[in-house]
Q: 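Please find one structure pasted underneath; my questions will follow.
Numbering of ligands and ligand atoms starts at 1, following listing order.
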Amino acid sequence: MLGGLPVLRTVREMRGLSRRLRGAGSSIVLVPTMGSLHEGHLSLIDRARSLADRVCVSIFVNPTQFGPGEDFSRYPRDLARDIELAEARGADLIFAPEEDEMYPAAQRVWVDPGPLADTMCGEGRRGHFRGVLTIVLKLFQIVEPSAAVFGRKDFQQSVLIKAMCQDLALPVDLDVAPIVRASDGLALSSRNVYLSDEDRTRALGLSRSLRTARALFADGETDAGRLQQAVAGVLETAGLEPEYEAVVDPESLDKSAMAGARSVCAVAAVVGSTRLIDNTPLGGPPDL
Ligand code: AMP
């Protein structure tokens, strides 16, 4: 225990508590995070509370989803603050393992994410989704939740996790939560702490580019190429370095020439030395 709620640091402790809780008839919902919690993560806890009896928040900066030269070593970490925030928001337990608990030996067996990882973020971050799916599967095996909550902020990740649950017959119900944004439209992200004031202003180009895509679509533009061009134009004008802009099917991630109301427009761009992502459905109620 640290503070008031149980903080489990080992696989053995976590599995033991999960088994006791479930043996006593309680269901568990898992909210996986890499910590440095912000309002986006906390909104997942809010949703989780209605999905099961106990909310478990995992906090683990997963090394295998970072590529060489990415920000693993400088990723923000503050476990004491995260525990306070999660507890105040209604989490019942925290699973915060050290790296050698999750990776006690060289990892030999991995989850192959398949073709859904060959596009968008997967193109620029080779191996990223293999690391993500492998750690999510391990967390599911250790916590044994009946449900788990992820954010749509990481849209491609949520599609891949849904696919993993379906294709590997995992007994976990998934909930995908809307994106929480700052009042100026910037999607909350643990990586926003890297941004200088100037970078932060430039970063608003991401949500602006998505609003532009939505507005063009609402005016009748369905040509995916032209929508992507418009998005790229907004990103470049804002001084961002676009990595990709894509109009894709929300399940298959296929890029078709014609956009529909369910299509998702997703962007990744570099601001200074920080890579940021954002996305929106082209139709339906505005979310930015
Ligand atoms: P992370 O700590 O970045 O791995 O994120 C943990 C979970 O929080 C993932 O499911 C993310 O999609 C979700 N998340 C991160 N940022 C936001 C946000 N701004 N709004 C909603 N969910 C978010």
Q: Just distances here: any N/O of Pro32 and N/O of ligand 1 closer than 3.5 Å?
A: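 No - when backbone and side-chain N and O of Pro32 are compared with those of ligand 1, no distance drops under 3.5 Å.
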
Q: What atoms of ligand 1 come closer than 4.0 angstrom to any heavy atom of Thr33?
A: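 With Thr33 as reference, the close atoms of ligand 1 come out as 2 (O), 6 (C).
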
Q: Do Arg152 and Asn279 have a side chain donor and acceptor closer than 3.5 Å?
A: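 Yes - a donor-acceptor pair under 3.5 Å links their side chains.
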
Q: Given side chain to side chain contact (heavy atoms under 4.5 Å, CB included), test Ser263 with Asp249 step by step and report yes or no.
A: CA-CA 5 Å; Ser263 300; Asp249 178 89; over 6 Å; no

Q: Is the closest heavy-atom distance from Arg191 to ligand 1 below 4.0 Å?
A: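 Arg191 does not count as a contact of ligand 1 under the 4.0 Å cut-off.
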
Q: Among Leu42, Leu188, Val180, whose heavy atom sits nearest atom 20 (N) of ligand 1?
A: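 Closest candidate by heavy-atom distance is Val180.
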
Q: Does the gap between the ring centers of Phe60 and Phe95 come in under 6.0 Å?
A: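 No, too far apart.
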
Q: Could you tell me whether some N/O pair between Asp154 and ligand 1 is separated by less than 3.5 angstrom?
A: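 It does: an N or O of Asp154 is found under 3.5 Å from an N or O of ligand 1.
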
Q: Would you please determine whether Pro178 falls within less than 4.0 Å of ligand 1 on a heavy-atom basis?
A: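 For ligand 1, residue contact (heavy atoms, under 4.0 Å) with Pro178 is present.
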
Q: Specify the protein heavy atom at minimum distance from atom 23 (C) of ligand 1: its residue, its atom name, and the distance to 0.1 Å.
A: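 Protein heavy atom at minimum distance: Lys153 CB, 3.9 Å.
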
Q: Thinking salt bridges, do Arg12 and Glu101 make one under a 4.0 Å N-O criterion?
A: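 So Arg12 does not pair with Glu101 through a salt bridge.
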
Q: Could you walk me through whether Leu288 and Arg214 pass the side chain to side chain contact (heavy atoms under 4.5 Å, CB included) check?
A: CA-CA 10 Å; Leu288 64 154; Arg214 280 186 64 98; 3.9 Å; yes

Q: Which is it for Leu85 and Ile83 under the side chain to side chain contact (heavy atoms under 4.5 Å, CB included) test, yes or no, and what are the steps along the way?
A: CA-CA 6 Å; Leu85 288 172; Ile83 292 169; over 6 Å; no

Q: For atom 16 (N) of ligand 1, grab the closest protein heavy atom and report residue, atom and distance to one decimal in Å.
A: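 Residue, atom and distance for the closest contact: His38 CE1, 3.3 Å.
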
Q: Do Asn62 and Thr64 have a side chain donor and acceptor closer than 3.5 Å?
A: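 Yes - a donor-acceptor pair under 3.5 Å links their side chains.
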
Q: Could you say whether the N/O atoms of His41 and ligand 1 ever approach to under 3.5 Å?
A: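 Right, the criterion is met.
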
Q: Which atoms of ligand 1 sit under 4.0 Å from any heavy atom of Phe150?
A: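 Checking each atom against Phe150, I get 10 (O).
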
Q: Applying side-chain hydrogen bond (donor to acceptor under 3.5 Å, both in side chains), which residue pairs with at least one partner in residues 154-174 are found, sequence neighbours left out?
A: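 Non-adjacent pairs meeting side-chain hydrogen bond (donor to acceptor under 3.5 Å, both in side chains): zero.
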
Q: Below the 3.5 angstrom mark, is there an N/O of Met34, backbone or side chain, next to an N/O of ligand 1?
A: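 Looking only at distances, the answer is yes, because the N/O contact criterion of under 3.5 Å is met.
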
Q: Checking contacts here: is it the side chain or the backbone of Val149 that comes within 4.0 Å of ligand 1, counting heavy atoms only? Could be both or neither.
A: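 Near ligand 1, Val149 shows nothing, with every heavy atom at 4.0 Å or more.
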
Q: Ring of Tyr103, cation from Arg108 - is the NZ or CZ under 6.0 Å from the centre and inside 45° of the axis?
A: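 Negative - Arg108 is either too far from the ring of Tyr103 or too far off its axis.
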
Q: Return the closest protein heavy atom for atom 22 (N) of ligand 1 as residue, atom name and distance.
A: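 It is Gly151 CA, 3.6 Å.
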
